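As structure tokens, the structure follows; a few thoughts come after it.
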Amino acid sequence: MTFSYEKFAQDGTLTLLDPLFTLMLIFSALFVIIVLRFTINPKIMLFIGAFIILLSAQLLTINGILADELTLADASKNFYIVITIAVLQVVAIIYAFVKAKKEK
């Protein structure tokens, strides 16, 4: 298939949403660094972490639907990026709760 945007698909694999996955991974890594550096309310951290995990899972679902509808393959690296984002967020949540507990 030919697309008007040349980076839409490469070698039969949908690559349109790859920059969003990368951006979310970078955001998650920076968020972990912020949690390590500063004290954040654990309840707020829980909300933000859950939101980021749900947002990345939804993005993965949309990516799969687009790939299926366009008869393209889905990049498996996006799945691993979502798993990495989830692990980073869980670590940040746990660390925020432990850090808040130590300060009491």
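Here the structure is a predicted model, which is why all the values come from computation and not from measurement. Along the sequence shown, residues carry numbers from 1.
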Do L36 and I34 land in one hydrophobic cluster if side-chain heavy atoms of ILVMFWY residues count as linked below 4.5 Å?
yes

Are V32 and I83 connected in a single hydrophobic cluster, I mean Ile/Leu/Val/Met/Phe/Trp/Tyr linked by side-chain heavy atoms less than 4.5 Å apart?
yes

Is there a path from L25 to Y80 through hydrophobic residues (I, L, V, M, F, W, Y) whose side chains come within less than 4.5 Å of each other?
yes

Same cluster or not: I81 versus F79, using hydrophobic residues (I, L, V, M, F, W, Y) connected whenever any side-chain heavy atoms lie under 4.5 Å apart?
yes

Test of understanding: with side-chain contact (heavy atoms from CB on, under 4.5 Å), list the residues that count as partners of V91, not counting sequence neighbours.
V87

Only pairs at least two apart or in different chains count here, so list each salt bridge (charged side-chain N to carboxylate O under 4.0 Å, His left out) that has a residue in residues 16-40.
D18-K77

For a quick test of reading the model, state the closest non-hydrogen atom pair linking I85 to F21 and the distance between them.
CD1-O, 4.3 Å

Sequence neighbours left out, cut at 3.5 Å: what donor-acceptor pairs do the side chains of residues 39-55 make with other protein atoms?
from: T39; atom 1: OG1; to: E103; atom 2: OE2; distance (Å): 2.9
from: N41; atom 1: OD1; to: K43; atom 2: N; distance (Å): 3.1

Show every side chain to side chain donor-acceptor pair (under 3.5 Å) that has at least one partner inside residues 44-63, sequence neighbours left out.
N63-D74

Kindly write out the residues that satisfy side-chain contact (heavy atoms from CB on, under 4.5 Å) with E69, not counting sequence neighbours, or none if the list is empty.
I65

Between CD1 of I93 and CG of L88, what distance do you get to the nearest 0.5 Å?
11.0 Å

Any link between F38 and F97 through a network of hydrophobic side chains (Ile, Leu, Val, Met, Phe, Trp, Tyr) touching at under 4.5 Å?
yes

Main chain of I94, side chain of K99: is a donor-acceptor contact present, judged purely on distance under 3.5 Å?
no

Suppose we screen for side-chain contact (heavy atoms from CB on, under 4.5 Å). Which residues come up paired with L23, at least two apart in sequence or across chains?
none

